Amino acid sequence: MAMHEKYEPRALEKKWQDAWEARGTFRKGRPAPKGKKYVLEMLPYPSGKMHMGHVRNYLLGDVYARYFWMKGFDVVHPMGWDAFGLPAENAAIKDGVHPATRTRENIASFKAEIRTLGYSYDWALEVNTSEPSYYRWNQWFFLKMLEKGLVYRRFSRVNWCTGCLTVIANEQVKDGVCERCEAKVMDKEMPEWAFRITNYSQVLLDALDGLTEWPDRITSAQRNWIGRSEGVEADFALEGSTEKVRVFTTRVDTIFGCTYVVLAPDHRVVASITSKAQQPAVDAFVAKMAAQSKTERTEEGAEKEGVFTGAYAVNPFTGAKVPVWVANFVLSDYGTGAVMSVPAHDARDFDFAKKYALPVKTVIHPSTKGPWDGEGAYTDDGVLVDSGAYSGKPSADARKDMGAWLVQQGLGKPTTTWRQKDWGFSRQRYWGTPIPIVYCEKCDPDRKGIPVPYQQLPVTLPDIETDKVLTGKGEPPLAKVASWVNTTCPRCQGPARREVETMDTFVDSCWYFARYLSPAFEAAPVDAAAAKQYLPVDLYVGGPEHATMHLLYFRFWTRVMKELGLSPVDEPVTRLITQGIVNGPDGRKMSKRWGNVVAPSSIVDKYGADTARGYVLFAGPPERDFDWSDKAMEGVFRFLHRVWTLAATHEAACAGARHDGPYEGKALEIRKTAHKALKRVTEAIERLSFNTAIAGIMECVNALYLAKEVSTPAEKAAMNEAVRLLAVVLVPFMPHFANELAQAYGAKEPLEESSWPAFEPTLVVDDVIPYAVQVLGKLRAEIMVPAGAGEAEVRAAAEADPKIVAALGGKPVKKFVFVPKRLVNFVV
RNA sequence: GCGCGAGUGGCGGAACUGGCAGACGCAGCGGACUUAAAAUCCGCGGGCCCUUCGGUGGGCCGUACGGGUUCGACUCCCGUCUCGCGCACCA
């Protein structure tokens with residue numbers, strides 16, 4: 001097939017996209033003795049349009065997937081839709097279009113756009129989380145986890161918008177007011193459903209050590225987030241009261257220096273211990289704190305404030321009486337909501353003590369040599385002083401001994417606390433998974449909730465009159481749909497009401513990777529046989545912004561799935577990469593506001609998908625941000641033209657050319673060029689270094705240009721081989737282009753269906769190797785030495801070089817360093 | 001404040017396990033082709049200095065900064081600065 005003179009991407013790309021689809025090139029489940037590769041990208045929320053971030057995300061997976069297709073693996077590479085969520089519902093509130101309608105349209109256009117980029121997806125595995133066939137299994141999981149005690153109802157402090165009369169997310173609170181209606185946002189105690197993810201805190205933390213192919217920044221973010229902290233709890237008796245205050249501290253070794261105790265404003269005992277005299281001040285303070293939202297109270301630079309309660313606590317070690325305060329900086333939901341303050345050895349306690357003129361008592365010296373002479377608090381470990389029987393002990397020993405003493409006295413114990421909280425997943429929204437619970441006044445007077453029986457799943461979302469139900473005001477939308485809310489109690493068959501809350505969409509993305517493997521399976525959310533065959537995911541690609549939410553939640557869920565017998569794996573993903581951001585040409589984040597958005601569709605229309613793909617991959621390593629550059633992208637377009645011209649120029653003479661005799665001279669050089677590129681690209685892809693893989697291909701093309709005309713049969717055959725290898729290595733990056741090239745040179749089927757060749761070892765080594773010659777580590781000459789030469793021969797050659805003779809200047813050589821195939825170094 | 005990551009030409013980046021810093025590309029410059037331009041092809045390309053009429057030849061400096069280890073450091077160690085991200089009155 002004769003090539004056109006010029007590279008015309010448009011028609012050619014459509015042709016190959018249709019061919020892959022018609023042939024089922026990317027269908028999972030082919031016989032593959034080499035095994036499986038599961039390549040996954042984070043499923044998108046289907047907004048109407050793709051942006052460059054999506055393009056990049058999916059490309060990184062696509063290169064890897066295509067490579068393993070060609071390596072002969074059974075590759076799973078699915079795509080689906082995180083279709084529930086706020087944007088569709090907010091749009092509905094604004095313009096009255098039903099979220100289901102909007103979502104359907106958006107998926108259709110998003111999917112059409114995805115296809116234009118030529119990704120290797122198996123669309124037979126597609127899932128849509130807003131379909132009952134999917135979310136019924138969210139409900140199934142909910143019921144299973146309820147049985148296991150992993151789901152419970154609790155009271156929790158949420159952001160309550162006083163204008164919209166609904167709960168809103170943290171991101172929607174701007175400067176203490178609602179983003180949408182600008183009314184004041186308050187903290188409100190509300191009941192909500194929660195997953196007991198904290199049961200798994202330790203396991204999730206420990207297993208991070210095994211995730212060696214995850215970026216450090218992600219595992220480190222998860223460690224921070226989980227926030228394990230070891231310390232002790234200790235009881236302080238309250239003078240003149242039977243109540244006591246239990247404090248949590250990581251520095252019990254400083255307890256002899258405790259000069260006051262501080263409670264959270266909403267600590268349980270505050271009301272009962274406050275003295276008459278202090279009552280008005282404490283009441284006013286507590287009321288003021290209650291009126292503030294948590295975000296306000298913990299804002300950057302918020303001043304430390306507190307008041308004395310009039311009560312005194314007794315130090316369990318010393319028996320000393322210390323004043324009890326309440327203050328804004330103590331949080332009721334961390335530790336015990338009470339702290340012992342040691343201003344001499346804690347910076348925050350020091351500030352507070354200075355402000356309110358509380359005493360400071362030093363009990364730690366940096367060493368036995370004497371006290372610390374710096375400013376402020378000495379917060380490091382050291383040696384105890386003025387600490388009774390513990391004086392003279394190092395901090396670490398003292399902590400151990402003092403913890404043991406507390407246990408022995410029944411006054412406390414070593415404890416571990418966690419920053420991580422249980423996962424509250426109730427949402428007062430319509431466009432989500434209904435929580436399968438009903439409330440019956442007769443069977444369930446405490447409103448604990450009665451689970452909907454499994455055989456009644458799914459509890460589907462009701463059809464609604466959009467503009468009446470999705471108003472953004474008042475009670476949760478589902479509460480307004482009487483025909484849906486009113487149901488019968490599964491126990492007594494009497495009247496009952498459905499739970500009107502829906503689930504957080506993070507639930508959907510907790511297990512979708514397992515559902516892809518058997519998207520139509522009816523007996524369970526996951527076909528355990530398929531899970532056994534294909535899990536874990538070998539490569540997962542997504543944005544780093546999911547470090548502590550999605551990537552932690554789905555690790556948790558994976559553990560639960562294993563316990564439920566659905567999957568054999570402890571961890572969902574072996575290797576993770578998080579892609580950097582594609583900024584606008586001006587270096588700012590792409591945004592309508594800056595007018596610097598580069599739409600993928602405009603690039604595909606003008607230059608073709610292969611150029612868009614090539615540029616996004618060539619611009620830099622996957623993890624790093626880069627700024628879009630039209631010029632640099634045109635460079636990739638130019639490169640494709642260059643390859644095309646090369647192939648077209650030699651097509652008539654070389655396509656399909658064969659040669660059985662020896663290869664020498666130019667013919668041999670051409671073969672070497674091609675095989676070296678093949679080696680380099682292969683290794684670069686394995687390392688996920690796609691930018692250098694493309695650079696390697698460019699180098700190869702440059703070298704082939706320098707070969708100019710080919711005339712002998714050997715040269716023609718070599719060029720034929722080179723162009724075909726070029727097509728092979730181009731496949732992961734520019735697949736349409738690569739296939740067109742291969743076809744012109746005689747390929748009968750898409751290259752993805754043939755195999756990734758092994759390079760010829762004899763063709764990637766040179767017979768003469770350049771050696772750098774150093775004297776005292778400074779480069780003085782370069783010499784050419786036969787590849788087989790040993791140390792003695794190389795040394796002789798180096799010593800014969802006039803520049804080296806001059807540099808050595810007759811001085812005796814103390815040491816000779818020989819690095820095979822690279823350099824030698826004379827030490828004089 | 002704690003944790004993690006990054007810092008290399010005018011720009012994006014490369015350098016695999018400590019071994020010739022700057023591959024490849026963009027922008028730039030020079031040449032060929034052209035009546036001319038574009039496109040294309042070929043070549044040059046870190047800085048400073050010396051040398052030569054000139055092509056050339058040579059020296060010193062150079063991977064954020066200051067030290068160290070080593071025959072040899074972008075790479076390893078110690079300290080500092082800057083940027084990004086995460087966590088944060090977390091006891």
Side-chain angles (χ1 to χ4, degrees), chain A residues 215-227 229 231 247-251 254 262 264 297-305 327-331 333-342 346-349 351-352 379 417-419 544-545 547-548 578 580-581 614-615 618-621 623-636 638-639 641-642 645 680 683-684 686-687 689 691-702 705-706 708 770-782 803 813-828:
Chain A
D216 284 347
R217 51 193 299 230
I218 302 297
T219 49
S220 148
Q222 295 207 350
R223 268 187 201 97
N224 276 332
W225 183 267
I226 292 170
S229 173
V247 303
F248 172 73
T249 178
T250 55
R251 291 298 303 274
T254 65
V262 189
R297 209 164 47 138
T298 57
E299 236 171 333
E300 183 75 47
E303 180 74 2
K304 288 176 188 38
E305 276 186 275
N328 58 347
F329 65 84
V330 178
L331 308 173
D333 59 355
Y334 183 81
T336 59
V339 301
M340 63 171 218
S341 288
V342 184
D346 180 282
R348 187 197 42 210
D349 293 345
D351 291 348
F352 194 78
T379 57
T417 57
W418 305 84
R419 205 205 70 90
E545 66 276 14
T548 53
T578 50
I581 298 165
Y615 170 59
F618 183 61
E623 311 252 335
R624 206 175 304 182
D625 297 351
F626 72 88
D627 301 344
W628 183 269
S629 157
D630 281 324
K631 287 285 187 187
M633 183 207 57
E634 282 167 16
V636 173
R638 247 191 323 262
F639 163 71
H641 275 283
R642 207 166 139 79
T645 304
R680 186 164 163 192
E683 289 166 357
E686 301 265 1
R687 299 202 311 273
S689 181
N691 52 332
T692 62
I694 293 171
I697 302 172
M698 289 173 167
E699 248 172 296
C700 173
V701 171
N702 291 344
Y705 259 84
L706 294 180
K708 300 229 169 88
Y771 270 81
V773 184
Q774 298 181 338
V775 176
L776 275 175
K778 284 195 188 292
L779 181 69
R780 295 299 171 188
E782 182 171 289
K803 286 181 207 148
V813 175
K814 266 199 287 188
K815 189 176 168 187
F816 179 73
V817 181
F818 177 70
V819 183
K821 294 189 185 351
R822 289 194 180 273
L823 62 63
V824 293
N825 188 10
F826 292 93
V827 185
V828 292

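Order of the sequence lines sets the chain letters (A, B, ...), proteins ahead of strands, with each chain counted from 1. This is a predicted model, so every value here is computed, not measured.
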request  = Could you pick out which residue, A:Ser220 or A:Thr548, lies toward the 5' side of RNA chain B when each is mapped onto its nearest nucleotide?
outcome  =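 Upstream on the strand: A:Ser220.
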ask   = On RNA chain B, nearest-nucleotide positions of A:Ala632 versus A:Trp225: which is more 5'?
value =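 On the 5' side of the pair lies A:Ala632.
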Could you tell me the separation between the [atom1] atom of [X] and the [atom2] atom of [N], rounded to a whole number of Å?
{"X": "A:Leu331", "N": "B:C87", "atom1": "CG", "atom2": "C1'", "value": "14 Å"}
{"X": "A:Phe826", "N": "B:C71", "atom1": "CZ", "atom2": "C1'", "value": "12 Å"}
{"X": "A:Ile581", "N": "B:C85", "atom1": "CD1", "atom2": "P", "value": "8 Å"}
{"X": "A:Phe626", "N": "B:C24", "atom1": "CZ", "atom2": "C1'", "value": "16 Å"}
{"X": "A:Arg638", "N": "B:C41", "atom1": "CZ", "atom2": "P", "value": "9 Å"}
{"X": "A:Leu706", "N": "B:C24", "atom1": "CG", "atom2": "P", "value": "11 Å"}
{"X": "A:Glu623", "N": "B:G13", "atom1": "CD", "atom2": "C1'", "value": "16 Å"}
{"X": "A:Phe618", "N": "B:A14", "atom1": "CZ", "atom2": "C1'", "value": "10 Å"}

Which part of the nucleic acid does [X] contact within heavy-atom distance under 4.0 Å: base, sugar-phosphate only, or nothing?
{"X": "A:Ala695", "answer": "base"}
{"X": "A:Ala547", "answer": "nothing"}
{"X": "A:Asp625", "answer": "sugar-phosphate"}
{"X": "A:Gly635", "answer": "sugar-phosphate"}
{"X": "A:Lys815", "answer": "base"}
{"X": "A:Pro544", "answer": "nothing"}
{"X": "A:Tyr705", "answer": "sugar-phosphate"}
{"X": "A:Gln222", "answer": "nothing"}
{"X": "A:Arg223", "answer": "nothing"}
{"X": "A:Thr249", "answer": "sugar-phosphate"}

query = So what's the dot-bracket for RNA chain B: Watson-Crick or G-U pairs under 3.5 Å, [ ] if a pair crosses, | if it pairs off-strand?
reply = (((((((..(((......[....))).(((((.......))))).(((((......)))))..(((((..]....))))))))))))....
Quick one: which of [options] gets closest to the side chain of [X]?
{"X": "A:Ala221", "options": "B:A15, B:A91, B:G86", "answer": "B:G86"}
{"X": "A:Glu699", "options": "B:C24, B:C4, B:U40", "answer": "B:C24"}
{"X": "A:Asn224", "options": "B:G86, B:C20, B:C24", "answer": "B:G86"}
{"X": "A:Val827", "options": "B:A91, B:C71, B:A14", "answer": "B:C71"}
{"X": "A:Lys631", "options": "B:C26, B:A23, B:G86", "answer": "B:C26"}

Set out, line by line, the N/O atom pairs under 3.5 Å between protein and nucleotides 57-60 of chain B.
{"from": "B:G59", "atom 1": "OP1", "to": "A:Arg780", "atom 2": "NH1", "distance (Å)": "3.3"}

Should [X] and [Y] count as side-chain neighbours, where that means a heavy-atom distance under 4.5 Å?
{"X": "A:Val247", "Y": "A:Val339", "result": "no"}
{"X": "A:Pro215", "Y": "A:Glu623", "result": "yes"}
{"X": "A:Gln774", "Y": "A:Leu776", "result": "no"}
{"X": "A:Tyr771", "Y": "A:Glu782", "result": "no"}
{"X": "A:Trp418", "Y": "A:Ile226", "result": "yes"}

request  = List the atom of A:Arg642, the atom of A:Tyr705, and the distance in Å for their closest heavy-atom pair.
outcome  = O-OH, 2.8 Å
Taking 4.0 Å as the cut-off, does a side-chain nitrogen or oxygen of [X] come that near to OP1 or OP2 on [N]?
{"X": "A:Arg642", "N": "B:U40", "value": "no"}
{"X": "A:Arg217", "N": "B:G84", "value": "no"}
{"X": "A:Asn702", "N": "B:C24", "value": "no"}
{"X": "A:Arg822", "N": "B:G72", "value": "no"}
{"X": "A:Arg624", "N": "B:G13", "value": "yes"}

What distance do [X] atom [atom1] and [Y] atom [atom2] have between them, rounded to the nearest 0.5 Å?
{"X": "A:Thr254", "Y": "A:Met340", "atom1": "OG1", "atom2": "CE", "answer": "3.5 Å"}
{"X": "A:Arg251", "Y": "A:Asp346", "atom1": "CZ", "atom2": "CG", "answer": "9.0 Å"}
{"X": "A:Glu699", "Y": "A:Ile694", "atom1": "CD", "atom2": "CD1", "answer": "13.5 Å"}
{"X": "A:Phe352", "Y": "A:Ser341", "atom1": "CZ", "atom2": "OG", "answer": "7.5 Å"}
{"X": "A:Thr692", "Y": "A:Arg687", "atom1": "OG1", "atom2": "CZ", "answer": "5.0 Å"}

Using the [atom1] atom in both, what is the distance from [N] to [M], to the nearest Å?
{"N": "B:G18", "M": "B:G58", "atom1": "C1'", "answer": "29 Å"}
{"N": "B:C74", "M": "B:G9", "atom1": "P", "answer": "14 Å"}
{"N": "B:C4", "M": "B:U63", "atom1": "P", "answer": "26 Å"}
{"N": "B:G57", "M": "B:U51", "atom1": "C1'", "answer": "7 Å"}

request  = Cation-pi check, A:Arg348 to A:Phe329: give yes when NZ or CZ is under 6.0 Å from the six-membered ring centre and within 45° of the ring axis, no otherwise.
outcome  =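 Ring-cation test returns no.
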key: B:G9, syn or anti by chi within 90 degrees of zero   =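 Base orientation: syn.
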ask   = Below 3.5 Å, does any donor atom in the side chain of A:Lys304 face an acceptor in the base of B:C89, or the other way round?
value = yes
key: No-H, no-angle donor-acceptor pair, A:Asn825 side chain to B:C71 base, under 3.5 Å   = yes
ask   = Which of parallel (below 30°), tilted (30 to 60°) and perpendicular (above 60°) describes A:Phe626 and A:Tyr615?
value =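 A:Phe626 vs A:Tyr615 ring planes: perpendicular.
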